[in-house]
*Asks:* 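Handing you this structure, nothing more for now.
FYI, the numbering just counts along the sequence from 1.
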Amino acid sequence: MLTDDVPVRDYEKLIGARVISRVALDNDRDGFLMAAGSCRGNLFLDPDKGLSLGRGSREHVSINEFCDVVLQRPKDVLTVVFDQAITHGLPERRKLVVLDKLARIREGGVHAFAYFSHACFIVGSAKRTLVERARAHMIKESDLPPSVFLP
């Protein structure tokens, strides 16, 4: 998700993927979300700040928008969002915010888990077994404690 004028080729090279929309989120939010919803492969959303518990903004994708994108896409793909929009402070408080986001995502009909660290990644899909397999794979391949992958 582009919110500033950045060299798109440089960004694509950095993340090793194709940018699906060259339109900044704040310039054409509906167009961006439509492009994201029509993407057929695994999708990585990279808002400036992450997932918002409230409305979407220039720097955030709302949880409702995230769920809409996931549910518009095929069930056999993953949608990942980079989320650094968590409260700073004690890890216990930050973890509660992430767990609240996961609960709201589930209420939106999407299965998800989070990689919980200084910044989070939330992985979602309409297919529960796909999310479970992705979480198990990340635990196995990362050598990180399972407790950082919040179900």
*Asks:* Check for me, please, whether Leu45 and Met34 land in the same ILVMFWY cluster - side-chain distances under 4.5 Å, paths through other members count.
*Replies:* no
*Asks:* Around atom CZ of Arg40, are there more than 12 heavy atoms of other residues, nucleotides or ligands at under 6.0 Å?
*Replies:* yes
*Asks:* Mind running side chain to side chain contact (heavy atoms under 4.5 Å, CB included) on Arg133 and Leu130 for me, showing each step along the way?
*Replies:* CA-CA 5 Å; Arg133 282 196 329 261; Leu130 181 61; 3.5 Å; yes
*Asks:* Using modelled atom types only, decide if a donor and an acceptor are shared between the side chain of Glu141 and the backbone of Met138 within a distance under 3.5 Å.
*Replies:* no
*Asks:* Can you tell if the side chain of Val80 reaches within under 4.5 Å of the side chain of Leu43, non-hydrogen atoms only?
*Replies:*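 Val80 does not reach Leu43 side chain to side chain.
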*Asks:* What is the minimum heavy-atom distance between Ser125 and Val110, and which atoms define it?
*Replies:* O-CG1, 3.6 Å
*Asks:* Is there side-chain contact between Arg73 and Thr79, with at least one heavy-atom pair below 4.5 Å?
*Replies:* yes
*Asks:* Quick check: does any side chain N or O of Arg135 sit under 3.5 Å from a backbone N or O of Tyr115, one acting as donor and the other as acceptor?
*Replies:*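 Such a contact is absent between Arg135 side chain and Tyr115 backbone.
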*Asks:* Should Val77 and Leu71 be counted in the same cluster of Ile, Leu, Val, Met, Phe, Trp and Tyr side chains packed under 4.5 Å apart?
*Replies:* no
*Asks:* I'd like to know if Leu96 and Val148 are part of one continuous hydrophobic network [Ile/Leu/Val/Met/Phe/Trp/Tyr, side-chain heavy atoms within less than 4.5 Å].
*Replies:* no
*Asks:* With sequence neighbours excluded, tell me which residues meet salt bridge (Lys or Arg N to Asp or Glu O under 4.0 Å) with Asp100.
*Replies:*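 Asp100 satisfies salt bridge (Lys or Arg N to Asp or Glu O under 4.0 Å) with Arg104 once adjacent residues are dropped.
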*Asks:* For Asp83 and Cys120, indicate whether the former's side chain and the latter's backbone hold a donor-acceptor pair under 3.5 Å.
*Replies:* no
*Asks:* So do Lys101 and Ile63 actually touch side chain to side chain, heavy atoms under 4.5 Å?
*Replies:* yes
*Asks:* Please enumerate all residues that pass salt bridge (Lys or Arg N to Asp or Glu O under 4.0 Å) together with Glu132, with sequence neighbours excluded.
*Replies:* Arg128
